[in-house]
There are 2 protein chains.
Amino acid sequence: MTKSPDNNAEKPERISEAEHAVMEVLWDRGTASAAQVCEVVCQKREWSLATVKTLLSRLVQKGAIETRPDGRRFLYSPLIARAEYVGGESRRLVDRLFGGKAASLVAHLAETEALSEDDLSEIEALLKELKQ
Amino acid sequence: MTKSPDNNAEKPERISEAEHAVMEVLWDRGTASAAQVCEVVCQKREWSLATVKTLLSRLVQKGAIETRPDGRRFLYSPLIARAEYVGGESRRLVDRLFGGKAASLVAHLAETEALSEDDLSEIEALLKELKQ
DNA sequence: TCACAACGATTACGCTTGTAAACATTGCTG
DNA sequence: CAGCAATGTTTACAAGCGTAATCGTTGTGA
């Protein structure tokens with residue numbers, strides 16, 4: 001195979017906030033054209049189509065999405081999974097603010113009442129399941 | 001008076017990553033001079049004293065810290081509490097990535113095994129306490 | 001066939017961030 | 001008293017980001 005076996009330098013080029021908004025659409029749809037992405041986000045963020053195109057280009061450069069030609073346009077689809085991104089971001093936060101201890105994050109959320117009764121029950125259920 | 005009396009628009013000017021590193025020192029010490037801050041972070045981040053000074057200035061501008069003259073130098077101290085910052089950042093993450101549902105974050109951490117056995121026990125204990 | 005519309009690509013531009021050097025002030029030491 | 005050293009202030013500058021406008025190409029409808 002041509003793919004060099006060990007060029008996994010894969011340093012996951014940071015995705016910016018605006019870019020992330022675009023990614024969400026692609027994760028949701030799986031695949032979309034620039035116009036379709038715009039339909040979803042341009043209202044919300046008061047963007048123009050041009051802005052969306054710029055963001056898509058940057059995401060391609062960063063290796064976060066890929067393009068497939070579809071007639072005269074491109075269809076864009078994610079190359080990295082949402083879970084991967086979410087995991088990375090969560091980890092960054094936990095590392096930066098909680099010394100890497102995820103439990104500290106949870107503790108903080110609980111203390112500051114960022115967790116509702118429902119949240120607490122939900123987590124409790126989750127724990128039970130994980131522990132069985 | 002030239003200083004407008006009611007500019008308490010207190011929108012908490014975003015603290016950048018590098019600035020945050022400086023804040024951590026101030027939160028830890030309570031108060032410190034530029035040189036003292038540098039002693040703590042300049043090794044770790046390979047910064048020069050000049051860099052620390054810039055960051056301190058920016059933090060002052062942003063209203064995140066205050067200065068008190070101490071002889072020929074300044075002592076810097078935090079104006080916002082660490083908990084406040086941490087809470088804000090956590091909330092931002094939860095809003096952006098988990099639709100505002102903190103429980104989803106916890107679920108994600110659990111699923112991706114970002115939570116160790118110890119973490120889980122800890123959280124469990126926490127929950128019990130909160131529910132008393 | 002020809003202007004136009006739909007696209008991606010290129011270029012733009014001001015703001016923030018990271019990282020610092022240069023400058024100005026001033027207490028201190030020889 | 002004259003430099004020097006320590007300190008804050010000002011200026012710098014490249015990269016990244018948010019937000020687009022403009023350019024170039026090409027399928028399409030009149």
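Quick note: numbers below take in every heavy atom, side chains included, and nothing from hydrogens, waters or symmetry partners. Just so it is clear: chains get the letters A, B, ... in the order the sequence lines come, proteins before strands, and each one is counted from 1.
dC17(D) atom C1' lies 16 Å from atom NE2 of His20(A), rounded to whole Å. Going from atom CD of Glu17(B) over to atom P of dT19(C) covers 9 Å, rounded to whole Å. If you measure from atom CZ of Arg14(B) to atom C1' of dC17(D), you get 13 Å, rounded to the nearest angstrom. We find that CZ of Arg73(A) is positioned 10 Å from C1' of dC7(C), with the value rounded to whole Å. Atom C1' of nucleotide dG8(C) and atom CZ of Arg68(A) are separated by 16 Å, given to the nearest angstrom. Distance Ile15(A) CD1 to dG18(D) P: 12 Å, rounded to the nearest Å. Taking atom CD of residue Glu13(B) and atom P of nucleotide dT17(C), one finds them 8 Å apart after rounding to whole Å. Put simply, CD on Gln61(B) is 13 Å from C1' on dT11(D), counting in whole angstrom units.
Using a 4.5 Å heavy-atom threshold, the side chains of Tyr85(B) and Ile15(B) count as touching. Using a 4.5 Å heavy-atom cutoff, the side chains of Val106(B) and Asp119(A) are not in contact. A heavy-atom distance below 4.5 Å is not found between the side chains of Glu89(A) and His20(A). The closest side-chain heavy-atom distance from Trp47(A) to Val22(A) is below 4.5 Å. Residues Thr51(A) and Arg45(A) fail the side-chain proximity criterion, which asks for heavy atoms closer than 4.5 Å.
Axis deviation across the helix from dT1(C)-dA30(D) to dG30(C)-dC1(D) amounts to 30°, comparing end segments of five pairs, rounded to 10 degrees.
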Between the protein and nucleotides 25-30 of chain C, are there any N/O to N/O pairs under 3.5 Å, and if so, what are the atom names and distances?
none

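If you chain together hydrophobic residues whose side chains sit under 4.5 Å apart, Val41(B) and Leu59(B) fall into the same group.
A 6.0 Å sphere centred on CD of Glu46(B) holds no more than 12 heavy atoms belonging to other residues, nucleotides or ligands.
Residues satisfying the ring-ring contact (aromatic ring centres under 6.0 Å, His included) criterion with Phe98(B), sequence neighbours excluded, are His108(B). Every residue meeting the side chain to side chain contact (heavy atoms under 4.5 Å, CB included) condition with Glu117(B), not counting sequence neighbours, appears here in chain and number order: Leu120(B).
When only modelled atom types and interatomic distance are considered, Asp118(A) and Ser121(A) share no side-chain donor-acceptor pair under 3.5 Å.
Scanning residues 25-55 of chain A for heavy-atom distances under 4.0 Å to DNA chain C yields Ala34(A), Lys53(A).
Applying the salt bridge (Lys or Arg N to Asp or Glu O under 4.0 Å) test to every pair with at least one member in residues 20-44 of chain B, sequence neighbours left out, gives these pairs: Glu24(B)-Arg82(B).
Judged by distance alone with a 3.5 Å cut-off, a donor-acceptor contact links the side chain of Arg58(A) to the base of dT19(D).
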